[in-house]
Asks: 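Structure provided below as structure tokens; questions to follow.
Only this structure's heavy atoms are used, side chains among them; waters, hydrogens and symmetry mates stay out. Here is how names work: the chains are called A, B, and so on, in the same order as the sequence lines, proteins then strands, and each is numbered from 1.
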There are 2 protein chains.
Amino acid sequence: MSTVSSTADDILACALTLIVAGGYNGFSYADIADVVGIRKPSIHHHFASKVDLVRTLVARYREEAQAGLSALERNVADPAEQLKSYIAYWEACIKDATAPFCVCALLASELPILPEEVALEVRAHFRHLASWLASVMERGKRQGRLHLVGTARVEAEGFMATVHGAMLSARAYGDPKMFGTVTRPLLDRLSTRH
Amino acid sequence: MSTVSSTADDILACALTLIVAGGYNGFSYADIADVVGIRKPSIHHHFASKVDLVRTLVARYREEAQAGLSALERNVADPAEQLKSYIAYWEACIKDATAPFCVCALLASELPILPEEVALEVRAHFRHLASWLASVMERGKRQGRLHLVGTARVEAEGFMATVHGAMLSARAYGDPKMFGTVTRPLLDRLSTRH
DNA sequence: GACGACCTACCTATTGGAAGGTAGCTCATC
DNA sequence: GATGAGCTACCTTCCAATAGGTAGGTCGTC
């Protein structure tokens with residue numbers, strides 16, 4: 001059942017890897033065709049245009065991200081542990097190098113030259129992620145499980161920014177451990193009473 | 001004196017703007033030629049290749065950055081104020097939109113597909129900036145002017161990552177104020193005794 | 001008359017994409 | 001149960017535009 005129409009998924013998976021490596025203009029149809037094992041123009045059968053391909057890709061990524069956060073809400077009760085799990089997820093992604101960067105974070109850095117349709121999806125991801133983090137912060141504060149200095153919103157934005165910066169540093173240093181080096185103090189500061 | 005051989009500088013300045021907007025593959029010689037008012041092949045008279053152009057660009061950027069940090073060391077004594085000035089510099093850059101992103105931060109996100117010569121310069125910038133920040137942290141700690149939780153090195157990496165993440169968020173939200181929203185608590189936490 | 005700065009005229013490879021064809025499957029109809 | 005319509009999934013061929021880059025020339029200045 002998963003083999004049915006898997007080519008479109010293969011194309012998306014491949015494009016994801018390529019975008020994570022070098023952004024919107026860092027890959028071409030030829031690159032995808034080589035990896036997927038298909039002729040270059042055949043990609044148009046599955047996606048009308050490059051914009052369409054990337055928009056679909058980001059939209060699906062966002063769906064999966066939302067599903068992942070929902071699962072986290074269900075499986076982990078403690079707000080502090082939720083943040084820890086979120087960080088652990090990315091730590092694992094970066095370590096095994098499958099997708100060592102958030103697609104939306106990477107695309108956001110190129111926002112000025114991004115097709116508007118893609119840019120919309122990217123901005124939506126930032127808003128959604130920040131909202132979720134703010135809700136976790138808020139709940140953690142109420143339950144006395146998280147120690148906030150500023151408002152939940154500000155703490156959430158700071159958290160998100162630091163995580164993105166940590167991904168960048170890990171990449172710049174070529175050292176996956178750098179992600180943990182930066183994010184661990186962040187978690188400690190939020191969960192420790194001082 | 002500054003008009004002498006200004007074309008090379010114009011090309012570099014233009015390329016900087018374009019890279020800041022969309023990364024290494026986000027601009028072409030044609031783009032530069034249009035802005036500078038020169039024919040496309042004439043760029044080769046000043047820079048042998050695109051790699052050469054960008055490598056020169058990043059090398060010069062690094063020189064200016066180092067000069068800027070040195071000036072900061074001379075003009076501002078207090079470590080906490082040095083960090084504040086560094087943030088204020090970027091806050092101004094982002095607000096007036098001249099160069100609302102660090103070139104090296106943007107290029108770092110594309111590191112896997114960057115020509116090695118450029119990648120080397122980018123990595124060097126990260127190391128140098130982190131070293132400077134660590135030295136400021138260390139001095140601030142000794143002088144009792146900065147309150148560190150972890151080691152100077154770890155605090156420096158966290159600081160740098162958060163600043164980069166703040167640039168990204170400001171871009172993603174299309175809101176320059178977001179940079180200050182994220183970085184102000186960072187400065188407060190370091191300079192406040194609590 | 002050498003040189004720097006820039007030009008025109010090209011070149012080759014690659015870009016995303018258009019056009020039209022074909023192999024094989026499903027399924028209703030006769 | 002053969003026929004044919006229509007589907008998906010891919011193919012080949014082609015294209016205009018753009019990529020970065022080369023060769024060789026012009027022209028003003030020292």
Side-chain angles (χ1 to χ4, degrees), chain A residues 1-19 21-58 60 103 107 110 112-119 121, chain B residues 1-58 60 107 110 112-119 121:
Chain A
M1 58 193 237
S2 68
T3 55
V4 174
S5 180
S6 80
T7 304
D9 294 337
D10 289 352
I11 292 170
L12 286 173
C14 176
L16 180 88
T17 305
L18 292 170
I19 291 179
Y24 188 84
N25 288 305
F27 78 101
S28 73
Y29 274 33
D31 296 329
I32 294 178
D34 282 350
V35 176
V36 175
I38 200 181
R39 295 296 128 172
K40 192 187 64 166
S42 302
I43 299 171
H44 287 286
H45 173 71
H46 301 278
F47 303 98
S49 68
K50 190 176 182 180
V51 173
D52 187 50
L53 166 58
V54 178
R55 189 185 43 67
T56 305
L57 169 70
V58 178
R60 191 155 307 185
V103 199
L107 289 175
E110 312 177 312
I113 61 153
L114 240 44
E116 190 53 31
E117 298 174 70
V118 177
E121 292 285 345
Chain B
M1 56 192 238
S2 69
T3 55
V4 174
S5 178
S6 80
T7 303
D9 294 336
D10 288 353
I11 293 170
L12 287 173
C14 175
L16 180 87
T17 304
L18 292 170
I19 291 179
V20 162
Y24 187 85
N25 288 305
F27 78 102
S28 73
Y29 274 32
D31 297 329
I32 294 178
D34 282 350
V35 176
V36 175
I38 199 182
R39 294 296 130 170
K40 193 184 62 166
S42 303
I43 300 171
H44 287 285
H45 175 70
H46 301 279
F47 303 97
S49 68
K50 189 177 183 181
V51 174
D52 187 49
L53 166 59
V54 177
R55 188 184 42 68
T56 305
L57 169 71
V58 178
R60 189 156 307 186
L107 289 176
E110 312 178 312
I113 61 152
L114 241 43
E116 191 53 30
E117 299 174 68
V118 177
E121 294 284 345

Asks: Given atom CG of L53(B) and atom P of dG21(D), what is their separation to the nearest angstrom?
Replies: 9 Å
Asks: Using a 4.0 Å heavy-atom cut-off, does F47(B) contact any base of the nucleic acid, only the sugar-phosphate backbone, or nothing at all?
Replies: nothing
Asks: In whole Å, what is the span from the OH atom of Y29(B) to the P atom of dC7(C)?
Replies: 15 Å
Asks: Remember a base hit wins even if backbone is also touched, and classify S28(B) as base, sugar-phosphate or nothing at under 4.0 Å, heavy atoms.
Replies: sugar-phosphate
Asks: Report the nucleotide, chosen from dA5(C), dA18(C), dG21(D), that has the shortest atom-to-atom distance to any side-chain atom of P41(B).
Replies: dG21(D)
Asks: Between C1' on dC7(C) and NE2 on H44(B), what's the gap in Å once rounded to a whole number?
Replies: 14 Å
Asks: What does I38(B) touch in the nucleic acid at a heavy-atom separation under 4.0 angstrom: a base, only the sugar-phosphate, or nothing?
Replies: sugar-phosphate
Asks: Run I32(B) and L53(B) through side chain to side chain contact (heavy atoms under 4.5 Å, CB included) and show every step you take.
Replies: CA-CA 11 Å; I32(B) 294 178; L53(B) 166 59; 3.8 Å; yes
Asks: Would you say a side-chain N or O of T7(A) is under 4.0 Å from OP1 or OP2 of dC10(D)?
Replies: yes
Asks: Atom CD1 of I11(A) and atom C1' of dA9(D): how far apart are they, to the nearest Å?
Replies: 11 Å
Asks: For G37(B) and K40(B), take the nucleotide of DNA chain C holding the closest heavy atom to each; which residue's nucleotide lies nearer the 5' end?
Replies: G37(B)
Asks: Using a 4.5 Å cut-off on heavy atoms from C-beta on, say whether the side chain of I113(B) contacts that of F27(A).
Replies: no
Asks: In whole Å, I'd like the distance from the CZ atom of R39(A) to the C1' atom of dG17(C).
Replies: 17 Å
Asks: Could you state the NZ-C1' distance from K50(A) to dT15(C), rounded to the nearest angstrom?
Replies: 8 Å
